[in-house]
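Computed from a predicted structure; not experimentally measured.
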Amino acid sequence: MKLTDNVLRSFRVAKVFRENSDKINCFDFSPTGETVISSSDDDSIVLYDCQEGKPKRTLYSKKYGVDLIRYTHAANTVVYSSNKIDDTIRYLSLHDNKYIRYFPGHSKRVVSLSMSPVDDTFISGSLDKTIRLWDLRSPNCQGLMHLQGKPVCSFDPEGLIFAAGINSEMVKLYDLRSFDKGPFATFKMQYDRTCEWTALKFSNDGKLILLSTNGGFLRLVDAFKGAVMHTFGGYNNSKAVTLEASFTPDSQFIMIGSEDGKIHVWNCESGMKVAVLDGKHTGPITCLQFNPKFMTFASACSNMAFWLPTIDD
């Protein structure tokens with residue numbers, strides 16, 4: 001089944017889960033699309049089975065809190081950032097609920113965490129104005145970059161380069177093997193005083209970069225030339241909430257939730273809005289991602305919703 005405007009318009013909430021007492025700050029699908037794991041401001045980690053459509057288990061990170069949870073390539077393991085006590089990144093085995101390793105180094109809150117799509121490397125960006133490069137097998141930082149402002153960062157789909165959005169005004173591209181030589185490309189964007197960048201994502205085909213903000217717009221950038229292709233707006237975000245925007249797996253559409261519980265969908269190529277879906281969320285939709293393998297997506301406030309299409313085109 002192919003994603004089209006009509007299929008996207010037909011999506012409806014199939015299931016709602018109320019496992020959390022506070023907002024879900026992040027979730028991540030497993031590479032197979034069979035499970036999704038969430039982190040919440042209530043210090044819990046909830047694992048959901050996407051095929052059966054139900055929560056499987058709940059773990060807690062009461063002491064350190066939990067944010068920016070990400071699956072690694074090893075089965076049943078995740079990395080996540082702390083939002084209490086310190087700014088250490090933790091590597092957890094879900095199988096026995098034990099920490100495998102800690103990654104200390106950042107001196108302020110980690111705001112960006114990206115796992116390499118191909119190996120055990122990951123990168124983290126922090127309010128301490130640094131990006132750190134890590135290897136899951138070692139607690140020592142493998143690389144450190146001092147920047148001029150708050151960074152958001154992500155690997156490209158091949159895992160050969162990573163992009164850093166710095167100070168909400170420029171995107172720098174680095175070769176992973178020689179990042180210490182500086183960026184091989186820098187794209188300067190028009191600075192907007194009213195908001196700051198909250199995330200950077202590549203499309204699966206590697207051609208596009210999506211810049212999320214805590215304002216009322218998103219920017220879609222050509223990953224090779226750095227030109228802004230589209231600016232998407234018209235969704236509600238008056239309280240400067242961090243709302244997650246995502247590409248669909250085919251790189252054809254972009255979606256974002258809003259503070260009024262609606263999901264807005266645009267066509268990447270034309271820049272046209274193709275759908276506004278009502279998720280009946282009780283609060284702002286802070287997390288939104290399409291399943292990498294199945295025709296379903298998830299959205300979250302303090303509740304988690306699974307969506308399914310109601311037509312097959």
Side-chain angles (χ1 to χ4, degrees), residues 1-17 24 27-36 38 48-54 157 199 201-213 216-223 227-237 243-301 303-313:
M1 184 172 164
K2 201 165 157 291
L3 261 187
T4 62
D5 294 9
N6 281 341
V7 170
L8 274 163
R9 282 187 206 109
S10 83
F11 269 86
R12 299 291 180 269
V13 174
K15 270 201 169 147
V16 178
F17 306 101
I24 293 168
F27 64 69
D28 193 35
F29 283 100
S30 62
T32 60
E34 289 169 12
T35 64
V36 63
S38 68
Y48 297 87
D49 185 315
C50 297
Q51 285 160 310
E52 291 182 27
K54 63 182 194 202
K201 289 185 181 181
F202 279 90
S203 56
N204 275 348
D205 62 9
K207 293 176 182 172
L208 304 168
I209 291 173
L210 179 61
L211 293 166
S212 307
T213 73
F217 67 91
L218 304 166
R219 283 217 173 99
L220 186 65
V221 179
D222 182 310
V228 176
M229 296 167 66
H230 298 292
T231 300
F232 302 113
Y235 57 91
N236 288 348
N237 189 16
L243 303 170
E244 182 178 24
S246 291
F247 287 100
T248 51
D250 59 7
S251 308
Q252 301 301 306
F253 300 93
I254 279 167
M255 352 178 33
I256 192 171
S258 62
E259 66 183 6
D260 59 8
K262 293 191 169 59
I263 290 170
H264 298 249
V265 187
W266 295 269
N267 183 300
C268 289
E269 201 170 355
S270 69
M272 299 294 287
K273 188 172 282 190
V274 297
V276 179
L277 307 168
D278 192 353
K280 310 254 188 320
H281 277 280
T282 51
I285 300 175
T286 43
C287 306
L288 175 67
Q289 278 177 43
F290 217 94
N291 187 302
K293 295 284 188 261
F294 300 104
M295 191 59 85
T296 172
F297 68 85
S299 60
C301 53
N303 300 334
M304 172 78 91
F306 285 2
W307 297 67
L308 290 170
T310 50
I311 58 164
D312 26 281
D313 222 15

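- Residue Phe27 comes nearest to Ala300 through the heavy atom pair CE2-CB, 3.9 Å, listed as atom of the first residue, atom of the second, then distance.
- Here the CD1 atom belonging to Ile24 is positioned 7.0 Å from the OG1 atom belonging to Thr286, to the nearest 0.5 angstrom.
- The backbone N or O of Phe11 lies less than 3.5 Å from no partner atom in the side chain of Thr310, so there is not a single donor-acceptor pair.
- Although no hydrogens or angles enter the test, the distance criterion places a donor-acceptor pair under 3.5 Å between the side chain of Ser203 and the main chain of Leu208.
- Looking only at distances, a side-chain donor or acceptor of Asn291 sits under 3.5 Å from a matching main-chain atom of Gly33.
- You'll find the side chain of Leu220 reaches within 4.5 Å of the side chain of Phe232, heavy atoms only.
- Here side-chain hydrogen bond (donor to acceptor under 3.5 Å, both in side chains) pairs that include residues 265-278, with residues two or more places apart or in two chains, are His264-Lys273.
- We find the OG1-CZ distance between Thr296 and Phe306 to be 7.0 Å, quoted to the nearest 0.5 Å.
- With no hydrogens or angles considered, no side-chain donor-acceptor pair links Thr32 and Lys293 at under 3.5 Å.
- In this structure the side chain of Pro284 reaches within 4.5 angstrom of the side chain of Leu243, judged on heavy atoms.
- In this structure a side-chain-to-backbone donor-acceptor pair under 3.5 Å is present from Ser251 to Asp205.
- Side-chain contact between Ser299 and Ile263 is present, with at least one heavy-atom pair separated by less than 4.5 Å.
- With contacts defined as side-chain heavy-atom distances shorter than 4.5 Å, the pair Tyr235/Leu218 qualifies.
- Smallest separation of non-hydrogen atoms from Gly261 and His281: CA-CB, 4.0 Å.
- Between Asp5 atom CG and Met272 atom CE the span is 9.5 Å, to the nearest 0.5 Å.
- The line from CE of Met295 to OG1 of Thr248 is 9.0 Å long, rounded to the nearest 0.5 Å.
- For the pair Ser38 and Met304, the tightest heavy-atom approach, listed with the atom from each and the gap, is CB-CE, 4.0 Å.
- For Phe290 and Phe29, the gap between ring centers reaches or exceeds 6.0 Å.
- Annotation for Phe297 and Leu277: closest pair CZ-CD1, 4.0 Å, computed over non-hydrogen atoms.
- Looking at Gln252, its side chain does come within 3.5 Å of a backbone N or O of Asp250 through a donor-acceptor pair.
- Between Lys201 and Ser246, the closest side-chain pair of non-hydrogen atoms falls below 4.5 Å.
- Every residue meeting the side-chain hydrogen bond (donor to acceptor under 3.5 Å, both in side chains) condition with Lys54, not counting sequence neighbours, appears here in chain and number order: Glu52.
- Remark: the backbone N or O of Glu259 is not paired with any side-chain donor or acceptor of Asn236 at under 3.5 angstrom.
- Glu244 and Cys287 make their closest contact through OE1-CA, 3.4 Å (heavy atoms, listed as atom of the first residue, atom of the second, distance).
- Considering OH of Tyr48 and NZ of Lys15, their distance stands at 12.0 Å, rounded to 0.5 Å.
- Side-chain contact check for Val7 versus Lys2: every heavy-atom pair is 4.5 Å or farther apart.
- Looking at every heavy atom in both residues, Ala223 comes nearest to Gly206 through CB-O, 3.5 Å.
- Taking Phe253 as the reference, nothing meets the ring pair (Phe, Tyr, Trp, His ring centres under 6.0 Å) condition, with sequence neighbours excluded.
- We find the CZ-CD1 distance between Arg219 and Ile254 to be 13.0 Å, quoted to the nearest 0.5 Å.
- Side chain to side chain, Asn6 and Thr4 fail the donor-acceptor criterion of an N or O pair below 3.5 Å.
- For the pair Gln289/Asp28, a side-chain contact is recorded, criterion being any heavy-atom separation below 4.5 Å from C-beta on.
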